[in-house]
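Take a look at the structure below.
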Amino acid sequence: MTTERYLKLGRQTVLVSFLLGTGIFGLYFLTSSFELLFVGYGFIALTGLINIGVLISILVRATKDENNKSKLNWTAGLMLLNLPVMLFYCWVAIILINTMRITFTNSTQTILTDINILGCEPEHIDKLDVGQSKTVWVGITGDCTIDIDYLTNGQRTGENVAGYVTNSMGQKMKYNIGGQNEVLF
């Protein structure tokens with residue numbers, strides 16, 4: 001194989017690995033689908049092996065081709081740039097696995113105030129107008145439930161949002177305050 005083919009293979013490997021990895025991560029961020037986590041783990045393992053193989057072959061070629069050594073080393077360095085990107089995606093995925101991303105929507109006919117999200121990691125929403133939504137990230141600190149209480153027409157009312165959540169159970173969900181909700185947990 002010629003040096004130009006090594007360079008092209010290295011650049012293509014970087015580009016394909018980055019684009020596919022970013023696509024998988026982006027879909028997971030948008031959906032919180034556990035299936036995509038397993039796809040991501042498999043992708044990391046498979047592309048890791050492929051990238052290591054291509055990287056080694058480029059470095060071996062660089063030791064044999066003194067005229068193109070700098071180009072080959074530059075391509076090898078470019079390949080290594082995918083490592084911090086992969087580590088960043090893994091770090092964010094670990095945060096997401098332990099976070100409930102709940103979009104609260106006021107489906108009542110009144111303004112809601114002093115909305116307390118209780119259980120796990122407490123959060124607060126000052127006010128939700130009728131039909132207004134707000135997304136809150138609730139960290140999962142262990143086995144817990146997620147409840148809310150809020151003021152509506154001066155009266156404190158409470159609701160259960162999630163009956164049981166635990167570590168590695170992070171999801172993205174919607175919750176209609178004072179309305180119909182699908183029981184997920």
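None of these values were measured; they are calculated from a predicted model.
Distance check: Asp126 CG to Leu112 CG gives 12.5 Å after rounding to the nearest 0.5 Å. To the nearest 0.5 Å, atoms CD1 (Ile111) and CD (Gln132) are separated by 9.5 Å. Atom CD of Gln109 and atom OG1 of Thr152 lie 10.0 Å apart (nearest 0.5 Å). Remark: Arg61 CZ to Thr2 OG1 distance equals 7.0 Å, nearest 0.5 Å. One finds the CZ atom of Phe88 at 6.0 Å from the CZ atom of Phe25 (value rounded to the nearest 0.5 Å). Here the straight-line distance linking atom CD1 of Ile52 with atom OG of Ser57 works out to 12.0 Å at 0.5 Å rounding.
A disulfide (SG to SG under 2.5 Å) check over residues 105-172, counting only residues at least two apart or in different chains, returns the pairs Cys120-Cys144. Listed by first then second residue, pairs satisfying side-chain hydrogen bond (donor to acceptor under 3.5 Å, both in side chains) with a partner in residues 34-50 read Ser33-Glu35, not counting sequence neighbours. For residues 28-115, there are no disulfide (SG to SG under 2.5 Å) pairs, not counting sequence neighbours. Sorted by first and then second residue, the side-chain hydrogen bond (donor to acceptor under 3.5 Å, both in side chains) pairs involving residues 13-22 (not counting sequence neighbours) are Ser17-Asn51, Thr22-Tyr89. Applying the disulfide (SG to SG under 2.5 Å) test to residues at least two apart or on different chains, none of the pairs has a partner in residues 26-88.
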Thr103/Ser133 under side-chain hydrogen bond (donor to acceptor under 3.5 Å, both in side chains): CA gap, chis, key distance, verdict: CA-CA 6 Å; Thr103 301; Ser133 296; over 6 Å; no
Might you work through the side chain to side chain contact (heavy atoms under 4.5 Å, CB included) test for Glu123 and Trp137, ending with a clear yes or no? CA-CA 8 Å; Glu123 296 290 338; Trp137 289 40; over 6 Å; no
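The closest side-chain heavy-atom distance from Phe104 to Val161 is below 4.5 Å. By the 4.5 Å heavy-atom criterion applied to side chains, Thr3 and Lys71 are not counted as neighbours. Side-chain contact between Ile148 and Tyr175: present, with at least one pair of heavy atoms (C-beta onward) separated by less than 4.5 Å.
Residues passing the side-chain hydrogen bond (donor to acceptor under 3.5 Å, both in side chains) test with Asn67, sequence neighbours excluded: none. Every residue two or more places apart in sequence or in another chain that forms a side-chain hydrogen bond (donor to acceptor under 3.5 Å, both in side chains) with Arg101 is listed here: Ser32. Applying the salt bridge (Lys or Arg N to Asp or Glu O under 4.0 Å) test to Asp114 and every residue at least two apart in sequence or in another chain returns Arg156. For the salt bridge (Lys or Arg N to Asp or Glu O under 4.0 Å) test, residues two or more places apart in sequence or in another chain that qualify with Lys127 are Asp129. Among residues two or more places apart in sequence or in another chain, the side-chain hydrogen bond (donor to acceptor under 3.5 Å, both in side chains) test is passed with Thr145 by Asp147.
Checked by atom type and distance alone, the side chain of Asn106 pairs as donor or acceptor with a backbone atom of Thr110 at under 3.5 Å. In this structure a side-chain-to-backbone donor-acceptor pair under 3.5 Å is present from Glu159 to Gly178.
Cluster membership for Phe18 and Phe29, using ILVMFWY side-chain heavy atoms within less than 4.5 angstrom, is shared. Ile102 is not connected to Ile95 by any chain of hydrophobic side-chain contacts under 4.5 Å among Ile, Leu, Val, Met, Phe, Trp and Tyr, and they are in different clusters. Under the 4.5 Å side-chain contact rule for hydrophobic residues, Met169 and Val92 do not share a cluster. Residues Ile97 and Val138 do not share a hydrophobic cluster, defined by chaining ILVMFWY side chains whose heavy atoms lie under 4.5 Å apart. Connection of Ile56 to Val16 is not established within any shared hydrophobic cluster, with ILVMFWY side chains joined at heavy-atom distances below 4.5 Å, either directly or through further cluster members.
Of all non-hydrogen atoms in Tyr28 and Leu36, the two that sit nearest each other are N-CD1, 3.6 Å. Taking each heavy atom of Asn176 and Asn181 in turn, the nearest pair found is N-OD1, 2.6 Å. Across all non-hydrogen atoms, the minimal contact from Gln171 to Phe34 is NE2-CE1, 3.9 Å. The two residues Ile140 and Met100 come nearest to each other via the heavy atoms CD1-CG, 3.8 Å.
No option in Leu128, Asn116, Thr113, Ile115 other than Ile115 meets the side-chain contact (heavy atoms from CB on, under 4.5 Å) test with Tyr150.
Hydrophobic clustering, defined by side-chain heavy atoms of Ile, Leu, Val, Met, Phe, Trp and Tyr closer than 4.5 Å, groups Leu81 together with Met1, Tyr6, Leu7, Leu9, Val14, Ile44, Leu46, Ile50, Val54, Leu55, Ile58, Leu59, Leu72, Trp74, Leu78, Met79, Leu80, Leu83, Met86, Leu87. By the 4.5 Å side-chain criterion applied to Ile, Leu, Val, Met, Phe, Trp and Tyr, Ile94 is assigned to no cluster and stands alone.
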